[in-house]
Number of protein chains: 2
Amino acid sequence: MARASTTKDAFNAVAEPRRREILDALAGGEHSVGELAQSLRVAQPVVSKHLRVLRDVNLVARRDQGRRRLYRLNGAALRPIPEWLRRYEESWSQAFDRMEMVLQTVEAQEERQDRQGAET
Amino acid sequence: MARASTTKDAFNAVAEPRRREILDALAGGEHSVGELAQSLRVAQPVVSKHLRVLRDVNLVARRDQGRRRLYRLNGAALRPIPEWLRRYEESWSQAFDRMEMVLQTVEAQEERQDRQGAET
DNA sequence: AGAATACATGCCTATATCAGCATGTCTCAA
DNA sequence: TTGAGACATGCTGATATAGGCATGTATTCT
């Protein structure tokens, strides 16, 4: 089997750097395909295809304006990601705790050193 | 060109469902390859390969114990993801707040660490 | 020492992209 | 109506997996 389809979920859609760039651009507001292609400096078909993927997972919405297609972000579709990440907040906390311990150790050592220095 | 290498960053590593399962399992604590294979009901080589990817992006760490290899989670490596997501915070606000707090805490901690390092 | 256990890798197959190029469709301008 | 502009798609080539199977290596057991 090959890798899971990119159109399957937000995780895969967002795994592609170029698509993250597109989302970042759209975070600033609605944009046409051409505008995106220009600002990201990539060929139009490339942008269209990525937008297709993003649209399939509902990360962006489209609106027609004359012969232009305006895309806008739908950040809500990103939710599964932070939701999954929540499980690891604790990991960060643990990492934080470890750092905290190291820090305290270092500080304690420095204190001792200071006292020693003051005593001599 | 094909999709960017999976070993490139946390985004890609986490895009694979099976790898997320592995991380979820490791969130509960250290586990050997065999244990993971059994609980996820997949062949051992499959697990080994996914662990390889996770290890390449530093999401897991390995420790040898006899002929077993114990893997443990390194949640800190996930950070680039919530950091990127921050930009989309407003999209789902509430659920995000907690993660935001954790992030800021970690950052503050790292700043202190940096200053500490600079002083020495 | 020899066998069994626990893994990591290599090889192979089917599949899924990603970007480039060409083309079809629809809309606006002259 | 004809032509240009803005996109969406189809097709192609190169590449990167994911999982299955077999095998190589290191460690523990008998």
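Note on naming: letters A, B, ... go to the chains in the order of the sequence lines (proteins, then strands), and numbering restarts at 1 for each one.
Separating the CG atom of D9(A) from the P atom of dT17(C) is a distance of 11 Å, rounded to the nearest angstrom. When the C1' atom of dA19(C) is taken as reference, atom CZ of R18(A) falls 8 Å away, rounded to whole Å. One can place NZ of K8(B) at 17 Å from P of dT17(C), the figure rounded to the nearest angstrom. Spacing between atom CG of N12(B) and atom P of dT15(D) amounts to 18 Å, rounded to whole angstrom units. Here dA6(D) presents its C1' atom at 17 Å from NE2 of H31(A), a figure rounded to the nearest Å. Following rounding to the nearest Å, L54(A) (CG) and dT17(C) (P) show an atom-to-atom distance of 13 Å. In this structure, CG of D64(A) is placed 11 Å from C1' of dA6(D), rounded to the nearest angstrom. D56(B) places its CG atom 14 Å from the C1' atom of dA16(D), with the value rounded to the nearest Å.
A 4.5 Å side-chain heavy-atom check between V53(A) and L59(A) finds every atom pair outside the cut-off.
Every residue two or more places apart in sequence or in another chain that forms a side chain to side chain contact (heavy atoms under 4.5 Å, CB included) with A61(B) is listed here: R72(B). Considering only residues two or more places apart in sequence or on other chains, A27(A) meets the side chain to side chain contact (heavy atoms under 4.5 Å, CB included) condition with L73(A), R87(B), Y88(B).
Here the side chain of R19(B) pairs no donor or acceptor atom with the backbone of V14(B) at under 3.5 angstrom. Panel note: side chain R63(B), backbone Y71(B); no donor-acceptor pair is recorded below 3.5 Å.
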The contact string for nucleotides 3-10 of chain C, one letter per nucleotide 5' to 3', using protein heavy atoms under 4.0 Å with B, S and - for base, sugar-phosphate only and none, comes out as -BBSBBBB

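Proximity of H50(B) to the phosphate of dG19(D): a side-chain N or O atom is located under 4.0 Å from OP1 or OP2.
Under 3.5 Å, the side chains of S39(A) and E35(A) contain no donor-acceptor pair of N or O atoms.
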